[in-house]
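Quick notes on the structure that follows.
Indexing begins at 1, ligand by ligand and atom by atom, following the structure's order. Start at 1 with the first residue, then count along the sequence.
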Amino acid sequence: MDLIEAFKTRKSIRKFKNEDVDIERLVKIIEISASAPSGSNAQNWFVYIIKSKEVLSRMKNEAASVYKKVVGKDAPRVYTFFDEAPAVFAVVAKPYISGIDDVLENSDKSRSFARKFIINPGLQGVSSLITHILLACHNDGLGACWMTGPLIAKEEMENIIGVKKPDNLTALIPVGIPMERTSKTTRKDVSEIIKVL
Ligand SMILES: Cc1cc2nc3c(=O)[nH]c(=O)nc-3n(C[C@H](O)[C@H](O)[C@H](O)COP(=O)(O)O)c2cc1C
């Protein structure tokens, strides 16, 4: 698929055909996506490929029950549909401390705070991996959706998957053969999102 075509036609897929996707195909998606850029080429990411229905069902139950506890209502589908996919990529961020962050930690607390929690280069690297995963899936005829909503139950899910501190679960990406989705989300006009200086 042409790259520009891929950018223009990718969309979040939230309904999947009842068909399996074999593990080799899923591993290949991650192998290709790992060409993504990261700060100092730290590649501070790790991906669990979850195919176990039992594990996915436990994760969904945690998302639903934590949502109910904190919001007082049943969780909307956008928090819980991931268990309907034949596989889910659970994307983990490993710590990334650049040389300058090490220096700032002791010399300038306010800049250090901004780098760590607002700029967060480690999380930006992991986000670039996720974008690559979405496009690699689309290129391969697979549907996918970037999800952070279910991580309302982040700690509970980390326990189920086996993610250990200091690593952090950052996103779930259900993946499968897409059901047809005709609508496409719109975007702001480019004039609204740029300023030339
Ligand atoms: C950081 C992030 C978190 C998201 N979390 C969810 C989510 O929890 N559930 C969901 O259904 N979609 C989620 N999405 C998908 C967005 O809703 C979707 O990308 C957006 O509406 C644009 O639609 P498109 O991807 O079809 O172009 C998330 C997207 C991003 C980038």
Side-chain angles (χ1 to χ4, degrees), residues 1-17 29-30 33 36-38 44-48 50 55-71 73-94 96 117-158 160-161 163 167-190 192-193:
M1 188 186 291
D2 170 71
L3 188 58
I4 306 295
E5 181 69 11
F7 283 160
K8 286 190 171 165
T9 56
R10 182 216 56 82
K11 45 190 158 183
S12 295
I13 297 296
R14 299 182 178 85
K15 289 212 165 118
F16 305 93
K17 291 193 178 153
I29 295 284
I30 301 303
S33 305
S38 57
N44 58 302
W45 47 56
F46 193 86
V47 180
Y48 290 84
I50 308 174
V55 170
L56 291 177
S57 151
R58 284 170 63 204
M59 290 167 66
K60 180 213 176 107
N61 290 343
E62 288 295 353
S65 89
V66 173
Y67 187 96
K68 180 104 189 180
K69 195 161 70 188
V70 298
V71 184
K73 293 186 202 154
D74 288 340
R77 196 173 170 273
V78 287
Y79 283 77
T80 57
F81 74 87
F82 60 87
D83 74 324
E84 297 166 23
V88 171
F89 296 128
V91 183
V92 167
K94 297 184 148 293
Y96 165 63
F117 299 106
I118 300 169
I119 300 169
N120 200 334
L123 193 55
Q124 291 198 34
V126 174
S127 299
S128 84
L129 174 77
I130 297 173
T131 307
H132 277 52
I133 292 174
L134 296 185
L135 288 167
C137 286
H138 182 47
N139 180 61
D140 198 31
L142 296 171
C145 184
W146 184 334
M147 295 180 80
T148 56
L151 297 191
I152 189 167
K154 174 178 175 290
E155 279 191 23
E156 291 82 353
M157 288 193 190
E158 287 175 340
I160 294 170
I161 299 169
V163 178
D167 296 355
N168 280 293
L169 181 60
T170 58
L172 301 182
I173 309 175
V175 54
I177 310 296
M179 292 277 246
E180 212 56 58
R181 186 191 138 186
T182 44
S183 62
K184 175 99 179 80
T185 50
T186 54
R187 293 295 184 269
K188 294 175 184 171
D189 187 84
V190 69
E192 292 178 58
I193 60 163

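Backbone and side-chain nitrogen or oxygen atoms of Arg10 are examined, and one is located within less than 3.5 angstrom of a nitrogen or oxygen of ligand 1.
Using a cutoff of 4.0 Å between basic side-chain nitrogens and carboxylate oxygens, Glu62 and Arg58 are not scored as salt-bridged.
Atom OG of Ser12 sits about 7.0 Å away from atom CG of Leu134, to the nearest 0.5 Å.
For Lys15, the NZ atom counts as loosely surrounded, since its 6.0 Å shell holds 12 or fewer non-hydrogen atoms of other residues, nucleotides or ligands.
The shell of residues lying under 4.0 angstrom from ligand 1, judged by heavy atoms, includes Phe81. Proximity of Pro150 to ligand 1 is established by a heavy-atom distance of less than 4.0 Å.
When hydrogens are left out, the protein atom nearest atom 8 (O) of ligand 1 is Gly149 N, 2.8 Å; that is the closest non-hydrogen contact. Nearest protein neighbour of atom 9 (N) of ligand 1, counting heavy atoms only, is Val78 O, 2.9 Å. Closest to atom 16 (C) of ligand 1 among all protein heavy atoms lies Arg14 NH2, 3.8 Å. Regarding atom 4 (C) of ligand 1, its nearest protein heavy-atom neighbour is Trp146 O, 3.2 Å. The protein non-hydrogen atom at the shortest distance from atom 3 (C) of ligand 1 is Thr148 OG1, 3.2 Å.
At a heavy-atom distance under 4.0 Å, only side-chain atoms of Cys145, from C-beta outward, approach ligand 1.
At distances below 3.5 Å, at least one donor-acceptor pair connects side-chain atoms of Asn139 with backbone N or O atoms of Met1. For the pair Gln124 (side chain) and Ile119 (backbone), a donor-acceptor distance under 3.5 Å is present. Of the possible polar contacts, none joining the Asp140 side chain to the Leu142 backbone as a donor-acceptor pair under 3.5 Å is found.
Of the candidates Arg187, Lys184, Met147, Arg187 brings a heavy atom nearest to atom 27 (O) of ligand 1. Closest to atom 21 (O) of ligand 1 by heavy atom, among Thr131, Thr185, Thr9, is Thr185. With atom 25 (O) of ligand 1 as the reference point, the heavy atom nearest to it among Ser12, Ala171, Ala63, Pro76 is part of Ser12.
Applying the side chain to side chain contact (heavy atoms under 4.5 Å, CB included) test to Pro178 and every residue at least two apart in sequence or in another chain returns Ile13. When the salt bridge (charged side-chain N to carboxylate O under 4.0 Å, His left out) test is applied to Lys94, the partners found at least two apart in sequence or on another chain are Asp167.
Remark: ligand 1 atoms within the under-4.0 Å shell around heavy atoms of Lys11 are 26 (O).
When all heavy atoms of Met147 and Val78 are compared, the pair lying nearest together is CE-O, 3.0 Å.
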